[in-house]
Undergrad: 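I have a structure here, written as structure tokens, and I will follow up with some questions on it.
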Protein chains: 2
Amino acid sequence: MKNLTFKQLRYFEALARHGHFRRAAEACGISQPALSMQIKEMEEEVGMELFERGARQVRLTGFGEEFAPRIREILRSVDELGDIARASRDRLVGRLRIGVIPTVAPYLLPSLLGNLGRLHKGLDVHVRETQTPRLIQELEEGRLDTAIVALPVSEAALTEITLFTENFVLVRPGADAGKPVPEPEAVREMRLLLLEEGHCFREQALSFCNMDMRTPPRDVLDASSLSTLVQMVDAGIGVTLIPEMAVAVETRSASVSVARFKDPEPSRTIGMVWRRTSPLASQLLQISEVVRRSIGALRDQHDGQRARDNVPGQ
Amino acid sequence: MKNLTFKQLRYFEALARHGHFRRAAEACGISQPALSMQIKEMEEEVGMELFERGARQVRLTGFGEEFAPRIREILRSVDELGDIARASRDRLVGRLRIGVIPTVAPYLLPSLLGNLGRLHKGLDVHVRETQTPRLIQELEEGRLDTAIVALPVSEAALTEITLFTENFVLVRPGADAGKPVPEPEAVREMRLLLLEEGHCFREQALSFCNMDMRTPPRDVLDASSLSTLVQMVDAGIGVTLIPEMAVAVETRSASVSVARFKDPEPSRTIGMVWRRTSPLASQLLQISEVVRRSIGALRDQHDGQRARDNVPGQ
DNA sequence: TCGTTGCGATAAGATCCTCTTATGAAAAAC
DNA sequence: GTTTTTCATAAGAGGATCTTATCGCAACGA
């Protein structure tokens, strides 16, 4: 049964339908002898006669009739493969496994998932939220299709594209609202609250204050989310830095003040990365556009809120 | 999608399983470039990349993963075709449509169907009981596989084999039991009860009495079954002829007498016919053996009963 | 950083398969 | 009895598929 071919199945089906070699051959677009040979070969392959050649008509044998519905079913399945392929040709479809770092996920995802669902119906999005090193590892193992992280990643096996750059802002207790913005070095002397180890944002914040990773600030509090940090500031425990993106969400229900730094403002660049070999490259570029659009929407929203709250703009 | 081949599907499956071209090729018994080419061709056919070629590993794309289970299902179905063929190779299997004339069916079928069911489990027997011309027509149209009729049929398109020959016996009212057996011509003068037009047995009986079909006997009664004929005789309405085969069943509950004719006894030959082109020929020969065995069992039963009832033997 | 190694892609030629046209044989139709 | 219809067979052309040899690329090790 190893040498059965699709052609033979199609020819079988045509012959069963027409009951006539010449007409069936015509329907298949081949000559009558070609069909005779293929049917014969198929019968040899199967080891049973499939058709009864009468003087005036060709009929399925009882055995052939057992084959016919199964063969039709197989041909249908194969045609369906074609349908699926055709349907997915230019459309982004199937599973998309996307990783996002925790300091981006809660702000970006609601908007992004909404847009993806609207723009790419039939796309099955899986989200993984964890820290950069694990995302990169899973990406390289093929367990993720892409990741949204802070650049640069600098992995030879990965392609990275920039999505946007955002500044960090200082979050202080509401009472500090009017005070001058401290110099980076001055922040070192304040009670600076930071995320726990492993978050790239922690390193970025430390780096801005010119702090070495081996000489941590006086009193660190290892929070697991920006939300916790802001709540801590609100409780008067200290100050913290958060990315602009998080301002709208995190300061909404807290009486804290937000202050921009003087130039050069601290910032981070968020980008998308994927395996250089990924065949999804072109689709991922499409996705990156959707991400930018989602960010844009967030920014507008943020700006609107900033105006209402009288938060210093840039 | 018209040029997909089974080979490609098998190669796809192997590559998906091994995640490695060389090993997959080895598993398929071909060289690595051959596999590369077929996969590439398949991808072109589909219009999508199915595998992601990484530096160190080969993985299914998300799209490929949608294909994989379907392809496995198709391969499974094809293998099943092989299984079915192998299982049916030497065994008589599937549907067997058998036609039987009404003057044989009620006596032969109980035993025959029992034997067929016992000897060929999995054989799906369909029985059609009607008169010879219709059986022959349905046979030639391919709506029956074989028919059991009185020979000869003399159709060029049909093969016929003899199953057995049986005599006709005279059935008279029980009161006539001791009377001498009449000459054939004498029967003509008796009130001879016959089957309705169309039954071959009617013609055979008439022929025995040297009656032309255009000069029917004085008082015909067109019965639709031998059973009816015997009941009529039992009621004293006349006499009839029935084949030996029917004696045991039909005279069991009637007080009629059965008499053999003097040589040459009237008789008929029952045989099996099928299309000369039927691929079932060899299986039908097997079937014919089962029929003979069934007839033999009937005869023995009949002989036993004849001995008990003191019916004249031959 | 530079060979080395492993892997898949590509190239060129041999082989096998499948198709076509031409023809044969058998049965049916006229 | 001749013609027609139909499927099978034969022989050769063309195409598909395989093999061996080789390339290019990336990862790995010294």
Side-chain angles (χ1 to χ4, degrees), chain A residues 2-12 14-16 18-45 49-61 64 140-142 154-159 275-279, chain B residues 2-12 14-16 18-45 49-61 64 140-142 154-159 275-279:
Chain A
K2 282 292 166 199
N3 298 321
L4 253 198
T5 66
F6 274 125
K7 286 185 181 177
Q8 285 169 352
L9 297 196
R10 293 193 201 283
Y11 295 172
F12 173 99
L15 184 53
H18 290 96
H20 193 284
F21 275 76
R22 195 177 49 72
R23 281 193 284 277
E26 195 172 353
C28 295
I30 58 171
S31 66
Q32 169 264 313
L35 188 117
S36 282
M37 284 191 301
Q38 289 303 320
I39 294 294
K40 186 180 167 190
E41 194 144 321
M42 187 170 169
E43 287 176 327
E44 276 169 19
E45 188 72 33
E49 286 193 74
L50 295 167
F51 292 92
E52 176 183 339
R53 282 81 156 165
R56 224 49 180 169
Q57 57 188 327
V58 175
R59 250 193 308 274
L60 279 172
T61 60
E140 292 183 329
E141 284 170 354
S154 303
E155 284 279 325
L158 301 181
T159 296
R275 288 184 300 281
R276 202 164 16 75
T277 56
S278 174
Chain B
K2 284 289 165 199
N3 298 322
L4 254 199
T5 67
F6 273 125
K7 284 185 181 177
Q8 286 169 351
L9 297 196
R10 292 193 203 284
Y11 295 170
F12 173 98
L15 184 54
H18 290 94
H20 193 285
F21 275 76
R22 197 177 49 72
R23 282 195 283 278
E26 196 172 351
C28 294
I30 58 172
S31 66
Q32 170 262 313
L35 188 114
S36 282
M37 285 191 301
Q38 289 303 319
I39 295 294
K40 187 179 166 190
E41 192 143 321
M42 187 171 168
E43 288 176 326
E44 277 169 17
E45 187 73 34
E49 285 192 74
L50 295 167
F51 293 93
E52 176 183 340
R53 282 82 156 162
R56 227 47 177 170
Q57 56 187 328
V58 176
R59 254 194 306 274
L60 279 172
T61 60
E140 293 183 329
E141 286 171 353
S154 304
E155 284 278 325
L158 301 181
T159 296
R275 289 183 299 281
R276 203 167 12 77
T277 55
S278 175

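Residue numbers begin at 1 in each chain, while the letters A, B, ... track the order of the sequences.
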Undergrad: Please figure out whether G19(A) or Q38(B) has its closest DNA chain D nucleotide nearer the 5' end.
TA: G19(A)

Undergrad: Work out which heavy atom in R276(B) is nearest to a heavy atom in A156(B); give both atom names and the distance.
TA: NE-O, 3.1 Å

Undergrad: Choose from dT17(D), dC7(C), dA8(D) the nucleotide whose nearest atom is closest to any side-chain atom of R22(B).
TA: dC7(C)

Undergrad: Whole-Å distance between dT18(C) P and Q32(A) CD?
TA: 17 Å

Undergrad: Working to the nearest 0.5 Å, report the span between CD of Q38(A) and NZ of K7(A).
TA: 7.5 Å

Undergrad: In this structure, how many angstroms lie between the P atom of dA11(C) and the CE atom of M37(B), rounded?
TA: 11 Å

Undergrad: Quickly work out the E41(B) CD to dC18(D) C1' distance and round it to whole Å.
TA: 12 Å

Undergrad: Look at all strands and tell whether R276(B) reaches a base, only sugar-phosphate, or nothing, counting heavy atoms closer than 4.0 Å.
TA: sugar-phosphate

Undergrad: From CZ of R23(B) over to C1' of dG6(C), roughly how many Å is that when rounded to an integer?
TA: 11 Å

Undergrad: Of the nucleotides dT20(C), dG8(C), dT17(D), which one has an atom closest to the side chain of V58(B)?
TA: dG8(C)

Undergrad: Where each residue is assigned the nucleotide of DNA chain C containing its nearest heavy atom, which of A157(B) and L35(A) is assigned the position nearer the 5′ end?
TA: L35(A)

Undergrad: Measure CD/E49(A) against C1'/dA8(D) and give the value in whole Å, please.
TA: 13 Å

Undergrad: Please report the distance, rounded to the nearest Å, between CZ in R275(A) and C1' in dA26(D).
TA: 16 Å

Undergrad: For A156(A) and S31(B), find the nucleotide of DNA chain D closest to each by heavy atoms; which residue's nucleotide sits nearer the 5' end?
TA: S31(B)

Undergrad: Looking only at side-chain atoms of S36(B), point me to the closest of dA9(C), dT19(D), dT6(D).
TA: dA9(C)

Undergrad: Of the candidate nucleotides dG8(C), dT20(C), dT18(C), which contains the atom at the shortest distance from the side chain of I30(A)?
TA: dT20(C)

Undergrad: Does Y11(B) have a side-chain nitrogen or oxygen under 4.0 Å from the phosphate oxygens OP1 or OP2 of dT17(D)?
TA: no

Undergrad: With respect to the phosphate group of dC19(C), does any side-chain polar atom (N or O) of K7(A) fall under 4.0 Å of OP1 or OP2?
TA: yes

Undergrad: Rounded to whole Å, please give me the gap between CD in Q57(A) and P in dC7(D).
TA: 10 Å

Undergrad: Passes side-chain contact (heavy atoms from CB on, under 4.5 Å), M42(B) versus L9(B)? Steps please.
TA: CA-CA 8 Å; M42(B) 187 171 168; L9(B) 297 196; 3.8 Å; yes

Undergrad: Using the side-chain heavy atoms of R53(A), tell me which of these nucleotides is nearest: dC7(D), dT20(C), dT20(D).
TA: dC7(D)

Undergrad: Quick one: is dG8(C) close enough that its OP1 or OP2 comes under 4.0 Å of any side-chain N or O from K40(B)?
TA: no

Undergrad: Side chain of F21(B) only, heavy atoms from C-beta on: which candidate in dT18(C), dA9(C), dC7(D) is closest?
TA: dA9(C)

Undergrad: To the nearest angstrom, how far is E52(A) atom CD from dT6(D) atom P?
TA: 17 Å

Undergrad: Output yes when a side-chain donor or acceptor of R53(A) lies under 3.5 Å from a complementary backbone atom of F51(A), and no otherwise.
TA: yes

Undergrad: Across the strands shown, which category fits Q8(A) at heavy-atom distances under 4.0 angstrom: base, sugar-phosphate, nothing?
TA: nothing

Undergrad: Nearest of dC7(D), dT18(C), dT20(C) to any side-chain atom of P33(A)?
TA: dT20(C)

Undergrad: Judged by atom type as modelled, is there a donor-acceptor pair below 3.5 Å linking the side chain of T61(B) to the main-chain atoms of L50(B)?
TA: yes

Undergrad: When you measure from the side chain of Q8(B) to the backbone of T5(B), do you find a donor-acceptor pair of N or O atoms at a distance under 3.5 Å?
TA: yes

